[in-house]
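Below: one structure, written as C-alpha cells.
Counting starts at 1 for both ligands and their atoms, following the listed order.
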Amino acid sequence: MRCERWPVDPERPDPRTLERAGAWLRAGALVGFPTETVYGLGAAAGDTAAVARIYAVKGRPADNPLIVHVADPSWLGRVATAVPQPARLLADTFWPGPLTLVVPGRDATVAVRVPAHPVALALIAAADRPVAAPSANRSGRPSPTQAEHVLEDLGEGIDLVLDAGPTPLGVESTVVDATERPLRLLRPGGLARGDIEAVLGETLLPPDPRRPARSPGQRHRHYAPRAPLELFEPGQADQLLRAAWRLAPERRVGVLLAEPRPLPPQVVVEVLGPRADPVAWARALFGALRRLDAQGVEVILAEGPDPVGVGEAVWDRLRRARARGGEDRA
Ligand code: TXA
Ligand code: MG
C-alpha cells in the first residue's frame with residue numbers, strides 16, 4: 001500500500017483536512033507530519049499496535065523510546081506521573097517549541113514536547129490524544145526536513161504524510177532530563193543550551209557516559225549519509241580544500257562548506273551558510289546530506305558553523321554522521 005500525501009498550508013492548515021488526519025491517527029494509522037524541527041512519524045501514543053509498527057517501519061532498536069507530542073502544556077499531566085518544578089518552569093517558558101523534557105512517567109520516564117508548528121498542533125488537537133512520534137526517517141538516516149524525505153525513506157510502510165513544505169529549524173529538539181537535579185542535556189537541538197541555562201539559573205550537566213540508558217538514542221549511529229564523512233574542525237578549512245583537490249581525481253567527493261571556494265569542477269559542493277549563521281546551517285544540513293547521497297558521492301568533507309547557539313546541535317549531528325564502525329543505527 002502506497003502512502004497518501006496531503007498538501008497543507010503551513011500557517012493556516014485546512015481544519016477539515018486536519019480533522020481527517022486526526023481521525024486516521026485515532027484509527028491506528030501512521031501519519032507523517034511537519035514540526036518546527038523535522039518531520040515526525042506519528043501514532044496515537046496509547047495504541048500499542050500502531051507504536052509497534054513505527055519501530056518496524058523505521059527499523060528502530062526497541063530500546064529507544066519515542067517522544068510523546070502534546071497540544072498544550074496542560075496535557076503534561078496526561079502523560080507524566082509527576083512534573084518536577086524545573087520541568088514546569090521550562091515548559092511554561094519554551095513550549096510550544098523545540099524542547100523535549102524527560103519527566104517521570106508510567107514507563108519510569110517519558111519524553112514530552114509541545115511542537116511549535118500550526119500543522120502539528122492542529123493534528124494533535126484533532127486526534128484529541130497524545131501522539132508518539134520519532135523523526136520520520138529510516139533509522140540511522142538523516143532526519144527528514146521535507147515531506148519528500150519522508151516518502152523516500154518510509155513511503156512503502158506508512159499511511160499518510162501531511163506536506164507543509166520544509167521545516168523551519170531543520171534539527172531536532174533539545175532533549176533535557178528533568179527527572180533529577182541538576183538537569184541534564186541529553187541531546188543538543190533547536191533550542192540553545194544557553195537559553196535553557198539562563199532560565200534555570202544553573203548549568204546543564206552533559207550526557208552521562210556511565211548511564212547511556214538515560215539517553216538511549218545517543219548510543220546509536222545517527223544522521224548518517226551513506227558515504228564516510230570527514231569533519232574538519234574550525235580553522236582547518238585549508239586542510240579540507242587540500243584533501244578535496246587530492247581526492248577528486250580518483251573519487252567522487254562531496255563537500256559541505258560555509259562559503260564558495262575554488263574546487264575541481266567534479267566536486268559536489270553544498271554551501272550551507274556563513275560560519276557565523278548556525279541557524280542557516282541547521283536548516284540546510286540534513287537536506288544537503290541527502291542530496292550528496294543522491295549524487296552518489298564516495299566521501300564527504302565537511303566544515304561546520306561557529307559552535308554557538310544551535311551550532312552546538314549542528315556539530316553534534318556532524319560528529320554522529322562521521323561515526324562509523326560497530327555502532328547501531330537508530
Ligand atoms: O524534534 C524532535 O525531537 C523530533 C520531532 C518529530 O519532534 N523528534 C525526534 O524523535 O527527534 P527521535 O525519536 O528521532 O529522537 C528522540 C530522542 C532519542 O534520542 C531518544 O533516545 C530520546 O529522545 N528519548 C525519548 N524518550 C526518552 C526517555 N524516556 N528518556 C531519555 N531519552 C529519551
Ligand atoms: Mg531520530
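Short contacts between ligand 1 and A111, defined as distances under 4.0 Å to a heavy atom of the residue, involve ligand atoms 25 (C), 26 (N), 27 (C), 29 (N). Atoms of ligand 1 lying under 4.0 Å from at least one heavy atom of P134, given by number and element, are 10 (O), 12 (P), 13 (O). Proximity to R113 (heavy-atom distance under 4.0 Å) selects the following atoms of ligand 1: 1 (O), 2 (C), 3 (O), 5 (C), 7 (O). The distance from ligand 1 to the heavy atoms of G40 drops below 4.0 Å at these ligand atoms: 6 (C). The contact set between ligand 1 and V102, taken as ligand atoms under 4.0 Å from a residue heavy atom, comprises 30 (N), 31 (C).
Considering A108, P65, S139, A133 only, the shortest heavy-atom separation from atom 33 (C) of ligand 1 involves P65. Of the listed residues (P144, S135, P207), the one carrying the non-hydrogen atom nearest atom 12 (P) of ligand 1 is S135. The residue among I67, T35, I54 with a heavy atom at the shortest distance from atom 16 (C) of ligand 1 is I67. Within the set V171, V38, T167, the minimum heavy-atom distance to atom 4 (C) of ligand 1 is found for V38. Ranked by closest heavy atom to atom 29 (N) of ligand 1, the top entry among T109, T37, V68 is T109.
With respect to the salt-bridge test (charged N to carboxylate O, under 4.0 angstrom), the residues R141 and D293 qualify. With salt bridges taken as basic N to acidic carboxylate O contacts below 4.0 Å, one links R181 and E202. Using a 4.0 Å cut-off between a side-chain N of Lys or Arg and a carboxylate O of Asp or Glu, R251 and E230 do not qualify as a salt bridge.
Among residues two or more places apart in sequence or in another chain, the ring pair (Phe, Tyr, Trp, His ring centres under 6.0 Å) test is passed with W95 by none. Every residue two or more places apart in sequence or in another chain was checked for a ring pair (Phe, Tyr, Trp, His ring centres under 6.0 Å) with W315, and none qualifies.
Taking a 4.0 Å cut-off on heavy atoms, R60 registers as neighbouring ligand 1.
Close N/O approach between N64 and ligand 1 is found [any backbone or side-chain N/O within under 3.5 Å]. Looking at H69 next to ligand 1, an N or O pair under 3.5 Å apart turns up. Checking only distances, E172 never comes within under 3.5 Å of ligand 1, N or O to N or O.
Following chains of ILVMFWY side-chain contacts shorter than 4.5 Å, one can reach V271 starting from L263, so the two form part of one hydrophobic cluster.
When atom types are taken as modelled, the side chain of K58 and the backbone of A136 share no donor-acceptor pair closer than 3.5 angstrom.
Only one option out of L240, L241, V255 pairs with E303 in a side-chain contact (heavy atoms from CB on, under 4.5 Å); it is L240.
The number of heavy-atom neighbours closer than 6.0 Å to CG of D107, taken from other residues, nucleotides and ligands shown, is 12 or below.
Backbone or side-chain N, O or S atoms of S143 do not reach the Mg ion (ligand 2) at under 2.8 Å.
Looking at L186 against ligand 1, only its side chain comes within 4.0 Å, counting heavy atoms.
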- Item | CA sep, side-chain torsions, deciding dist, call: N137, F286, side-chain contact (heavy atoms from CB on, under 4.5 Å) | CA-CA 11 Å; N137 51 283; F286 289 140; over 6 Å; no

